[in-house]
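To keep things clear, I will list the structure first and then write my remarks on it.
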Amino acid sequence: MTAMQDYLKPTSIVDFEHPTVMEKAKKLAVETEDPIKIARLCFEFVRDEIKHSHDYRMNPVTLKASEVLEHGTGYCYAKSHLLAALLRANSIPAGICYQRLSRDDKGAPFCLHALNAVYLEDIGWYRMDARGNKEDVNAQFNPPHEQLAYEIRIEGEADLPEIWTDPIPPVVEVLSKYTDYAEVYDNLPDVPLIANNCDE
């Protein structure tokens with residue numbers, strides 16, 4: 001069982017104590033103290049201002065929240081690390097979630113997709129996806145209603161139930177091993193589906 005306090009702590013990857021991350025987090029929240037408004041501002045910044053590595057064919061491959069902010073790019077995994085960091089820097093509990101998706105919408109092979117969950121008073125855990133919108137993706141922040149980038153549509157895909165305080169090892173391994181966005185795309189992480197495997 002993960003304590004709520006754990007979703008407020010910095011980690012080596014969700015490194016919100018890094019000066020540039022903390023500065024950005026405070027700038028985003030400068031005009032409001034409302035946690036829902038702050039969460040929206042953080043979400044929209046990461047969704048719209050941080051470029052998805054594959055969409056934009058951009059290097060370097062980023063992992064830590066501070067790296068994502070510095071270079072302005074990241075895969076969905078890295079973008080989720082930055083969003084978690086910006087929220088935690090504003091004392092809003094946040095974690096990382098995953099979906100398992102088909103890479104071609106037809107079945108295997110599958111890969112993980114990262115998004116976030118934020119804890120909002122009177123709503124509870126609310127999922128949001130800052131991967132970045134495009135022609136066929138329209139993720140929005142509209143609590144309590146979820147509007148994610150992707151829906152689970154075929155056998156083998158899944159909304160994984162865990163809310164992690166830190167990215168899972170397969171994600172860290174891929175983002176640490178490869179130095180080019182195309183290499184990451186060719187080796188996107190995956191996990192087998194295990195029933196009742198829940199962090200909460």
Side-chain angles (χ1 to χ4, degrees), residues 1-4 6-9 11-14 39 42-43 46-47 52-54 62-65 68 74-88 92-120 123-133 136-178 184-200:
M1 182 70 71
T2 304
M4 187 63 70
D6 293 333
Y7 295 105
L8 290 165
K9 294 178 179 177
T11 73
S12 63
I13 294 173
V14 184
C42 292
F43 165 77
V46 176
R47 183 193 65 185
H52 187 282
S53 298
H54 190 261
T62 53
L63 171 62
K64 294 182 178 182
V68 182
Y75 267 89
C76 60
Y77 318 109
K79 293 184 73 166
S80 75
H81 307 162
L82 176 58
L83 182 51
L86 293 172
L87 292 165
R88 292 182 194 179
I92 300 172
I96 299 163
C97 305
Y98 298 98
Q99 293 175 318
R100 186 176 193 249
L101 302 173
S102 169
R103 292 195 56 155
D104 61 6
D105 296 325
K106 298 176 183 176
F110 295 90
C111 66
L112 291 178
H113 170 65
L115 55 154
N116 292 90
V118 59
Y119 190 83
L120 303 171
I123 294 174
W125 284 110
Y126 174 77
R127 293 188 305 166
M128 53 187 177
D129 191 337
R131 70 135 348 258
N133 288 343
D136 57 345
V137 172
N138 182 27
Q140 301 292 333
F141 181 88
N142 187 30
H145 307 290
E146 286 185 353
Q147 187 169 334
L148 304 178
Y150 302 109
E151 296 180 359
I152 303 306
R153 293 180 292 184
I154 64 174
E155 185 176 355
E157 294 187 330
D159 282 317
L160 303 182
E162 301 89 350
I163 303 173
W164 300 95
T165 57
D166 222 17
I168 61 175
V171 168
V172 177
E173 180 181 353
V174 167
L175 296 183
S176 301
K177 180 177 181 181
Y178 300 105
V184 174
Y185 188 74
D186 289 339
N187 294 277
L188 293 175
D190 186 22
V191 294
L193 294 182
I194 302 174
N196 300 319
N197 179 21
C198 187
D199 191 44
E200 283 298 283

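Side chains included, hydrogens not; waters and symmetry mates left out as well; all remaining heavy atoms used.
- Looking at residues two or more places apart in sequence or on another chain, you find no side-chain hydrogen bond (donor to acceptor under 3.5 Å, both in side chains) involving Asp186.
- Expressed to the nearest 0.5 Å, how far OG of Ser102 lies from CD of Glu155 amounts to 11.5 Å.
- Not a single donor-acceptor pair under 3.5 Å links the side chain of Lys79 to the backbone N or O of Gly74.
- Here Thr2 contributes atom OG1 and Glu162 contributes atom CD; the two are 10.0 Å apart, rounded to the nearest 0.5 Å.
- For the residue pair Gln140 and Asn138, the shortest heavy atom distance occurs at NE2-OD1, 2.5 Å.
- Of the possible donor and acceptor atoms, one in the side chain of Arg47 sits under 3.5 Å from a partner among the backbone N and O of Ala139.
- Glu157 is not listed as a side-chain neighbour of Glu151, based on a closest heavy-atom distance of 4.5 Å or more.
- Ring planes of Phe43 and Phe141: tilted class, angle from 30 to 60°.
- Paired with Val118 under the rule side chain to side chain contact (heavy atoms under 4.5 Å, CB included), one option of Leu83, Ile92, Ile123, Ile163 passes, and it is Ile92.
- Residues passing the side-chain hydrogen bond (donor to acceptor under 3.5 Å, both in side chains) test with Asn133: none are found, sequence neighbours excluded.
- With sequence neighbours excluded, no residue satisfies side-chain hydrogen bond (donor to acceptor under 3.5 Å, both in side chains) with Thr62.
- The minimum heavy-atom distance between Val171 and Pro167, with the atom names listed, is CG1-CB, 4.4 Å.
- Ring geometry, Tyr185 versus His54: the interplanar angle falls under 30°, so the pair is classed parallel (tilted spans 30 to 60°).
- At a threshold of 4.5 Å between non-hydrogen side-chain atoms, the residues Leu188 and Tyr75 count as touching.
- The closest side-chain heavy-atom distance from Leu115 to Glu146 is not below 4.5 Å.
- Across all non-hydrogen atoms, the minimal contact from Ala149 to Val137 is CB-CG1, 3.5 Å.
- The shortest heavy-atom contact between Arg100 and Gly156 is NH1-O, 2.9 Å.
- If you check the side chains of Asp6 and Thr165, you find no donor sitting under 3.5 Å from an acceptor.
- Taking both residues in full, the closest heavy atoms of Pro189 and Tyr77 are given as CD-OH, 3.3 Å, listed atom of the first, atom of the second, then distance.
- Across Val174, Val68, Leu175, a single residue satisfies side chain to side chain contact (heavy atoms under 4.5 Å, CB included) together with Leu63, and that is Leu175.
- In this structure, Leu112 and Leu160 have side chains that are in contact, with non-hydrogen atoms separated by less than 4.5 Å.
- Ile154 has its side chain out of reach of Asp105: every pair of non-hydrogen atoms, C-beta onward, lies at least 4.5 Å apart.
- Side-chain contact check for Asp129 versus Asn116: every heavy-atom pair is 4.5 Å or farther apart.
- Of all non-hydrogen atoms in Pro93 and Met4, the two that sit nearest each other are CB-SD, 3.6 Å.
- With sequence neighbours left out, the side-chain contact (heavy atoms from CB on, under 4.5 Å) criterion links Asp159 to Gln99, Arg127, Ile152.
- Annotation: side chain to side chain donor-acceptor pair (under 3.5 Å) contacts involving residues 167-178, sequence neighbours excluded, comprise Tyr178-Asn187.
- Residues satisfying the ring pair (Phe, Tyr, Trp, His ring centres under 6.0 Å) criterion with Tyr150, sequence neighbours excluded, are His113.
- With rounding to the nearest 0.5 Å, the separation of NE2 in His81 from NZ in Lys64 is 12.5 Å.
- For the pair Asp190 and Pro109, the minimum side-chain heavy-atom distance is 4.5 Å or more.
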